[in-house]
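Worksheet for the structure shown next.
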2 protein chains.
Amino acid sequence: MNKRKRDPKATKRALLEAAFEEMHKHGFQGASISQILARTGMTKGALFHHYPGKLALAYAVLDEIVEPMIVEIWLVPLDIREDPIVALQMMLQNSVKRMTNQLGRNALLLGCPLNHFAQEMSPLDEGMRNRCNRIFSRWQSGIAGVLLDGQSQGLVRADVDAENTAMFLIASIEGAINMGKQTQSLARCLEMLQVCGEHLSLYLEGLRKN
Amino acid sequence: MNKRKRDPKATKRALLEAAFEEMHKHGFQGASISQILARTGMTKGALFHHYPGKLALAYAVLDEIVEPMIVEIWLVPLDIREDPIVALQMMLQNSVKRMTNQLGRNALLLGCPLNHFAQEMSPLDEGMRNRCNRIFSRWQSGIAGVLLDGQSQGLVRADVDAENTAMFLIASIEGAINMGKQTQSLARCLEMLQVCGEHLSLYLEGLRKN
DNA sequence: CCCGTTACATACTAAGCGGTATGAACAAGC
DNA sequence: GCTTGTTCATACCGCTTAGTATGTAACGGG
């Protein structure tokens, strides 16, 4: 009985996901409406009925796909009662698995979609920039919260600036993903992520009190 | 007597620089030939006389502008006889000044052009990817060389893997620049670079032998 | 001074882009 | 069952794009 000839919500979602994949690969400017449509089998009538334009489509991609994805990969794993520093180290360790779970195995080499949007569009469109900024802030708050918890538990050095440290961590994580993407080789990408993860884990160890 | 009506070398260089600026801001795909030409006052005849196409133009931008720029900003400052770790820390400290010198004050918020090219084009064009890869490798070798020197002088811990550490440093540096770019605010960008620089300096300190 | 080459400018083309207008088929409410 | 609004498909539009063909003016060598 699922043979309804129309399912607008599913249609809209399919368009959104196709737009995400296309923009993840080609960037916002490089992504073409026609390709997005070809990917879904839909036509322009459908797309422009659900979304007023390409920019609005990208906004929806950020709001409804990228942000939940960031949360799932980087914030959910912090939700454990555990030594905060160990939690962050485990977050790093499991990040590759979580990324491939979210993106699919072949899309790992396309890098972080949030970073892609941010890098391409921050200087060009305010709406895009604000959205990326909001997601990064949420991410940073999540990590900073863990560090603050650690400080109140006496497990993290008191002189650590939680927000700044969280920002540095995110910057380094994104940098590592970028370096991996740049190789366009799964093996080398995984190796780079591994190496950077170890370095950051060591860095995190240095935040521990005594 | 400099009023020669034609100066092909200067013309070619002007086109190259305009292409760099346009691509730095809009990316390769987003950069338009017409805009590049408008920036120089030249016309298509000139551009397609000197370069066979947009892609070749981008290759030339990478080879003749981006690579020397990376060398100037990140490798030249390593050429001092100094404690290697101090040299790297000074490299970080002076990087903002060197970047603004190379890019101009307003272009700091456009981020690292190498990273921009790499992120946008690595999955899309092999020639671009190879060039970016080569530049990154050169950068990495430069830093690794300093670390190796430090090890042979007994100033850097022997268990430090020079190449991996250099890679991690570059990833984190690029990540920091990306985070700064994302804000599109000079003040916040400078603050982020400062913060990440301090964190990395501290990390570098941890590489010192005893 | 002349001549061949280099270095451009101008005008044009084909293709792809985002977006729109129109209309038809479906779905839901009465 | 009829009607009304929703959900799409099709055809089209104006614009921009990278790239080309052609023509001309400047330059350099003899």
Side-chain angles (χ1 to χ4, degrees), chain A residues 1-62 117 120-121 124-128, chain B residues 1-62 64 117 120-121 124-125 127-128:
Chain A
M1 213 41 207
N2 230 346
K3 264 300 187 63
R4 307 172 55 180
K5 293 193 175 175
R6 289 188 175 173
D7 188 344
K9 287 195 175 186
T11 301
K12 191 171 183 179
R13 181 68 191 182
L15 288 168
L16 197 69
E17 291 179 355
F20 167 75
E21 294 172 12
E22 205 66 21
M23 291 179 183
H24 189 200
K25 179 163 187 181
H26 296 96
F28 170 75
Q29 304 180 95
S32 91
I33 302 278
S34 340
Q35 274 302 311
I36 294 173
L37 295 171
R39 209 184 262 264
T40 60
M42 301 286 159
T43 60
K44 292 197 173 185
L47 198 155
F48 284 95
H49 171 73
H50 289 289
Y51 299 96
K54 193 186 181 186
L55 198 58
L57 181 59
Y59 289 171
V61 165
L62 279 170
F117 277 104
E120 180 187 8
M121 298 306 293
L124 305 179
D125 181 81
E126 193 184 355
M128 212 85 91
Chain B
M1 214 42 209
N2 230 349
K3 264 299 187 65
R4 309 172 54 182
K5 292 196 177 174
R6 289 188 176 173
D7 188 343
K9 288 196 175 187
T11 300
K12 191 170 183 179
R13 180 69 191 182
L15 289 167
L16 197 70
E17 292 179 355
F20 166 76
E21 295 172 11
E22 205 66 21
M23 292 179 182
H24 188 200
K25 178 163 188 182
H26 295 97
F28 170 75
Q29 304 179 95
S32 94
I33 302 277
S34 338
Q35 273 302 312
I36 294 172
L37 295 172
R39 210 183 262 264
T40 60
M42 300 288 157
T43 60
K44 292 198 172 185
L47 198 155
F48 285 95
H49 171 73
H50 289 289
Y51 299 97
K54 192 186 181 187
L55 199 58
L57 181 58
Y59 290 170
V61 165
L62 279 171
E64 301 175 33
F117 277 104
E120 181 187 8
M121 297 306 292
L124 304 179
D125 181 82
M128 214 85 93

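These numbers were taken from a predicted model, which means no experiment stands behind them. Lettering of chains follows the sequences in order, A, B, ..., and the numbering in each one begins at 1.
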Considering only dC27(D), dA18(D), dT6(C), which nucleotide approaches the side chain of H49(B) most closely?
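Among the listed nucleotides, the one closest to the side chain of H49(B) is dT6(C).
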Between dC8(D), dA25(D), dG19(D), spot the one nearest the side chain of R6(B), thanks.
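The answer is dA25(D), which lies nearest to the side chain.
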Please report, rounded to the nearest Å, how far the [atom2] atom of [N] is from the [atom1] atom of [X].
| X | N | atom1 | atom2 | answer |
| --- | --- | --- | --- | --- |
| K5(B) | dC8(C) | NZ | C1' | 13 Å |
| L47(A) | dG18(C) | CG | C1' | 10 Å |
| L57(A) | dG18(C) | CG | P | 10 Å |
| F48(A) | dT22(C) | CZ | C1' | 16 Å |
| L15(A) | dT7(D) | CG | C1' | 12 Å |

Taking C-beta and beyond as the side chain, do [X] and [Y] meet within less than 4.5 Å on heavy atoms?
| X | Y | result |
| --- | --- | --- |
| H50(A) | L57(A) | no |
| V61(B) | F28(B) | no |
| L62(B) | M128(B) | yes |
| T11(A) | H49(A) | no |
| E120(B) | Q29(B) | yes |

Under 4.0 Å between a side-chain N/O of T11(B) and OP1 or OP2 of dA7(C), yes or no?
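For dA7(C), neither OP1 nor OP2 has a side-chain N or O of T11(B) closer than 4.0 Å.
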With respect to the phosphate group of dC8(D), does any side-chain polar atom (N or O) of H50(A) fall under 4.0 Å of OP1 or OP2?
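Result: yes.
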Report yes if a donor N or O on one partner sits less than 3.5 Å from an acceptor N or O on the other, where the partners are the side chain of K54(B) and the base of dG19(D); otherwise report no.
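Donor-acceptor pair under 3.5 Å: no.
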Check whether the side chain of K44(B) and the base of dA18(D) form a donor-acceptor pair under 3.5 Å.
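Side chain to base: pair present.
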Hey, what bend do you get for the helix from dC1(C)-dG30(D) to dC30(C)-dG1(D) if you fit axes on five pairs at each end, rounded to 10°?
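Roughly 10°, once rounded to the nearest ten degrees.
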Does any residue of residues 22-43 of chain A have a heavy atom under 4.0 Å from DNA chain D, and if so, which ones, in number order?
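Listed by number, they are M42(A), T43(A).
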As an exercise, state the distance from CZ of F117(A) to OH of Y59(A), rounded to the nearest 0.5 Å.
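The distance works out to 11.5 Å.
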Got a second to check how far F48(A)'s CZ is from K54(A)'s NZ, nearest 0.5 Å?
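Answer rounded to 0.5 Å: 10.0 Å.
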Can E17(B) and R13(B) be counted as an ion pair, charged N to O under 4.0 angstrom?
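Salt bridge between E17(B) and R13(B), a charged N being under 4.0 Å from a carboxylate O: yes.
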Closest heavy-atom contact between A60(B) and Y51(B)?
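Reported closest heavy-atom pair: CB-CE2, 3.7 Å.
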